[in-house]
Every structure is written in C-alpha cells, then in structure tokens.
Protein chains: 2
Amino acid sequence: MSTPERLIESTQELLWERGYVGTSPKAIQQRAGAGQGSMYHHFKGKPELALAAIRRSAEQRTALAEEQFSAPGTAVERIADYLRRERDILRGCPIGRLTQDPEVVADPVLRQPVAETFEHLRGRLVAVLTEGQALGELDPTLDVVNTAAMVVAVLQGGYVLARAAGSTEPFQQAAEGAIALLAARQLT
Amino acid sequence: MSTPERLIESTQELLWERGYVGTSPKAIQQRAGAGQGSMYHHFKGKPELALAAIRRSAEQRTALAEEQFSAPGTAVERIADYLRRERDILRGCPIGRLTQDPEVVADPVLRQPVAETFEHLRGRLVAVLTEGQALGELDPTLDVVNTAAMVVAVLQGGYVLARAAGSTEPFQQAAEGAIALLAARQLT
DNA sequence: GTCTATATACTGATAGAC
DNA sequence: GTCTATCAGTATATAGAC
C-alpha cells in the first residue's frame with residue numbers, strides 16, 4: 001500500500017481508539033511506518049489527515065450498511081439481523097466515537113461526514129420500515145422516522161453501555177429489547 | 001467553596017467537555033482559579049483528581065435518577081417522563097462521555113463508578129417495569145431486563161445522534177420512538 | 001496552603017539536505 | 001519522496017521558598 005494510504009488508515013485506527021486530541025502525528029507516523037518528513041509531504045498537517053481519515057471511515061460504514069440492508073427478509077427480520085450483526089462491540093463505533101471529540105463536532109467540515117453517515121443510516125431504516133408497512137407486515141400507525149432513530153440510538157447507546165460495563169451483555173440486551181418491541185408491532 | 005472542591009468541579013466539567021486526555025492540569029487550575037502548587041498540594045496528580053471527579057459525577061447522576069424515578073405515574077408515564085426530561089442534549093452525558101476515554105475504560109478503578117451508574121439506572125428501570133407488570137398496566141411477557149437496557153441505550157445513543165447532527169431532533173425522535181413502542185405494550 | 005522556579009518529555013510543525 | 005535537524009509551546013510534574 002502507498003504511504004498516503006497507510007497514513008490515512010493509521011489515522012482512522014487512532015481516531016477510533018483515542019480520538020482527535022489523543023492522536024499525535026508521531027503516533028500516526030509510527031503506525032504507518034512513515035517518517036516525519038514523509039507525512040508532512042503528503043498532508044499539510046494533522047487536521048488535513050484527520051479529514052481524509054474521517055471521510056474514509058464514513059464512506060466505509062455507509063457502504064457496509066448499504067450491503068447489510070440489501071439482504072432479503074421482512075422489515076423486522078432485516079432490522080434484527082442488523083442489530084445482531086457480528087460486531088467488535090467493546091471497541092465501539094468508529095463514527096459514533098467522533099461525536100465525543102469537541103474538535104470534530106465544532107468544525108462543520110469535520111462533522112459533516114459523521115452527520116451524513118447517521119442520516120443515511122436512518123434514511124435506510126425508514127425505507128425498510130416503510131416497505132414493511134406497504135407489504136402489510138408492519139402496523140401502519142408506527143412512526144417510521146422515530147422508530148428508525150430509535151434503532152440507530154439503541155445501537156450507539158449499546159456501545160456506550162458495553163464499554164461502561166466492560167462486557168458485551170448490555171449491548172445485546174438493548175438490541176433484543178428493541179427487537180422484541182418491534183416484533184410486537186408485526187401484523188400476523 | 002474550598003480549593004479542593006473547586007478543583008474537583010473544574011475537573012468534572014473538563015472531563016465532560018474534553019475527556020481525560022484532553023484535560024490538562026493547567027486547564028484545571030485556571031478554571032478553578034488555583035495555582036500549580038495548590039493543586040499538587042491537594043491531589044497527587046491528574047489521575048487522583050480524575051478519580052475524585054468521576055466519582056462525584058457518578059454520585060450526582062445516580063442521585064438525579066433516584067429523584068426522577070420516585071415521581072408518581074404508571075410505568076410507561078415514568079419512563080416517558082425520564083426520556084423527555086429537560087436536558088442539555090448537545091453537551092452529551094457526563095458519564096456516557098467517559099466510556100470513550102481509553103484511559104478510563106482500561107483502568108478498573110476509574111471505570112467502576114461509570115459501570116455502577118449505568119447498572120443502577122438499569123436496575124431502577126427494571127423495578128419500574130416490574131412494578132408496572134405487577135399492577136397489570138404492562139404486558140407481563142415483556143422482558144424487563146432487555147427493555148430497561150434498551151431505554152438507557154436510546155438515551156445514550158440519542159446524545160450521539162444529536163451531537164452528530166448538531167441538532168437535538170434525532171434525540172427526541174429516538175425517545176418518542178421508544179416511548180411509542182413501549183406504550184403499545186400497555187394493557188388497556 | 002500557595003507561590004515561583006526548574007525539568008523532562010511530547011506536540012505539531014518548518015527547513016533544508018539528499 | 002524521504003530524512004534529519006531544529007523549534008516554540010504544552011503536558012505533567014518536582015523542589016523549595018514563603
């Protein structure tokens with residue numbers, strides 16, 4: 001892989017693990033196996049590298065979600081599959097993590113890819129739920145926008161609870177709790 | 001207020017806003033109006049101050065939750081009130097925020113107050129839901145443990161979505177989505 | 001208890017040789 | 001493109017005077 005690519009990838013990992021303020025140019029260089037001069041040749045500095053890394057992470061997550069939701073099944077099945085998907089729960093969400101960095105949230109350019117990732121995800125869930133209603137699988141009185149936001153929030157909050165507990169259990173409980181409530185709105 | 005108290009309070013605020021790695025002794029001193037020597041006289045260093053601040057924040061949040069759940073109403077009403085409570089949503093949760101700090105999560109002593117705060121909160125919600133079932137208000141087939149975890153996750157995830165969007169709207173949507181699903185399990 | 005002085009390491013970058 | 005040298009500023013303290 002090229003040096004700029006390795007630098008971006010290392011920055012993605014470090015932003016995920018340690019956040020913006022916890023990620024130093026030196027650490028990025030060491031993880032990428034690149035020298036000081038090399039990094040500053042390809043990127044103006046830490047903010048430019050962070051932007052490239054955040055955009056890359058956002059694209060990757062959106063592509064992953066797109067793939068997930070193209071699977072077959074009823075609306076509730078597809079959402080349950082999404083919530084139960086194999087995840088490295090204790091590492092947390094690489095996008096959600098960024099919402100705790102004041103430098104990211106305060107900068108419209110850095111925040112935009114994060115905002116778009118969640119907007120896209122919620123939009124995709126709205127589509128799945130609306131389809132379920134159109135097919136007569138789901139209660140048509142269900143508010144699809146609120147329900148979609150709830151599903152994404154359960155996921156992001158599940159990561160928080162799991163990391164607090166040092167265990168994946170609360171994540172799974174929250175996911176199953178949401179799935180059970182959704183399943184109760186299926187039409188038989 | 002005494003100097004140690006002001007130092008703890010300043011550390012609480014900075015940990016909330018900027019996290020462990022983003023909080024420097026110098027910034028703590030400035031916010032507290034205390035000098036270098038004064039801070040190191042009262043506390044061994046940053047780790048000790050952080051521990052005191054985290055414990056304090058955990059106690060305060062637990063007390064707040066305790067107060068909230070002692071209000072009257074049906075199980076669903078009390079949970080809805082909790083989710084709709086006046087909050088400074090875009091600032092995020094001072095406890096949930098800490099789960100993104102590797103230094104906090106990796107240290108059992110620093111993580112413990114965070115873990116206990118969420119355990120207590122989920123336990124309190126389990127009690128409210130169980131009471132609702134015992135009183136015949138709520139569907140007795142509802143899994144109270146999973147549902148309680150879901151409610152806390154919606155809250156924590158709602159903060160994440162709101163900060164990503166730069167707007168409180170997704171938080172409120174997620175909360176209303178959860179409330180509507182819960183309300184559907186009430187017995188008439 | 002609080003202050004100033006001092007110290008080592010790291011942060012984030014620039015300059016210029018190769 | 002990559003390397004080494006250099007730099008001002010910050011992080012996180014310790015020492016000792018007052």
Side-chain angles (χ1 to χ4, degrees), chain A residues 1-57 97-98 100-107 109-111, chain B residues 1-57 97-98 100-107 109-111:
Chain A
M1 205 188 306
S2 70
T3 298
E5 283 300 312
R6 288 203 317 279
L7 285 165
I8 291 174
E9 205 165 281
S10 299
T11 307
Q12 287 182 274
E13 293 171 10
L14 284 163
L15 287 178
W16 187 1
E17 294 166 19
R18 315 190 35 77
Y20 188 90
V21 68
T23 296
S24 70
K26 190 178 178 183
I28 294 170
Q29 293 151 25
Q30 286 175 342
R31 192 170 294 216
Q36 189 102 322
S38 186
M39 189 196 105
Y40 283 102
H41 172 74
H42 294 291
F43 298 92
K44 274 202 229 306
K46 175 171 159 174
E48 193 174 294
L49 243 176
L51 178 57
I54 290 173
R55 284 185 172 157
R56 178 71 58 86
S57 292
R97 185 348 163 178
L98 301 170
Q100 301 305 324
D101 286 308
E103 300 82 1
V104 172
V105 168
D107 182 341
V109 176
L110 289 179
R111 188 168 60 74
Chain B
M1 205 188 306
S2 71
T3 297
E5 283 300 311
R6 288 203 318 278
L7 285 164
I8 291 175
E9 205 165 281
S10 299
T11 306
Q12 285 182 277
E13 291 171 11
L14 284 163
L15 286 178
W16 186 3
E17 291 166 20
R18 315 191 35 77
Y20 188 90
V21 69
T23 296
S24 69
K26 190 178 178 182
I28 294 169
Q29 293 151 25
Q30 287 175 342
R31 190 170 294 215
Q36 191 100 323
S38 185
M39 189 196 105
Y40 283 103
H41 172 75
H42 293 292
F43 298 93
K44 274 202 226 311
K46 176 171 157 173
E48 193 174 295
L49 243 177
L51 178 56
I54 290 173
R55 285 185 172 155
R56 177 72 58 88
S57 292
R97 203 278 168 238
L98 301 170
Q100 301 305 325
D101 286 308
E103 299 80 2
V104 173
V105 169
D107 182 340
V109 176
L110 288 179
R111 187 168 61 73

Looking at [X], does any N or O in its side chain come under 4.0 Å of the phosphate oxygens OP1/OP2 on [N]?
X	N	value
B:Ser38	C:dC3	no
B:Lys26	D:dA11	no
B:Ser24	D:dT10	no
A:His42	D:dT2	yes
A:Thr3	D:dG1	no

Would A:Thr3 and A:His41 count as a side-chain contact (heavy atoms from CB on, under 4.5 Å) here? Give the steps. CA-CA 10 Å; A:Thr3 298; A:His41 172 74; over 6 Å; no
5'-most contact on DNA chain C: A:Met39 or B:Pro4, nearest heavy atom basis? B:Pro4
Roughly how many Å is it from [atom1] in [X] to [atom2] in [N], rounded to a whole number?
X	N	atom1	atom2	answer
B:Phe43	D:dT12	CZ	P	16 Å
A:Tyr40	D:dT4	OH	P	16 Å
A:Gln29	D:dG1	CD	P	17 Å
A:Ile28	D:dT2	CD1	C1'	18 Å
B:Arg18	D:dT10	CZ	C1'	13 Å
A:Lys46	C:dC10	NZ	P	16 Å
B:Leu49	D:dA11	CG	C1'	15 Å
B:Gln36	C:dA7	CD	P	15 Å

Under a 3.5 Å distance rule, please check whether B:Gln29 uses its side chain to pair with a backbone N or O of B:Pro25 as donor and acceptor. yes
So, for A:Arg18 and A:Thr23, which heavy atoms are closest and what is the spacing to 0.1 Å? CB-OG1, 4.3 Å
Taking every heavy atom of B:Pro47 against every heavy atom of B:Leu110, the minimum-distance pair comes out as O-CD2, 4.5 Å
With a 4.0 Å cut-off on heavy atoms, is B:Thr23 in touch with a base, just the backbone sugar-phosphate, or nothing at all? sugar-phosphate
Sugar-phosphate only, base, or nothing, as touched by A:Gly35 at under 4.0 Å among non-hydrogen atoms: sugar-phosphate
Pair A:Glu17 + A:Arg31: basic N to acidic O under 4.0 Å: yes
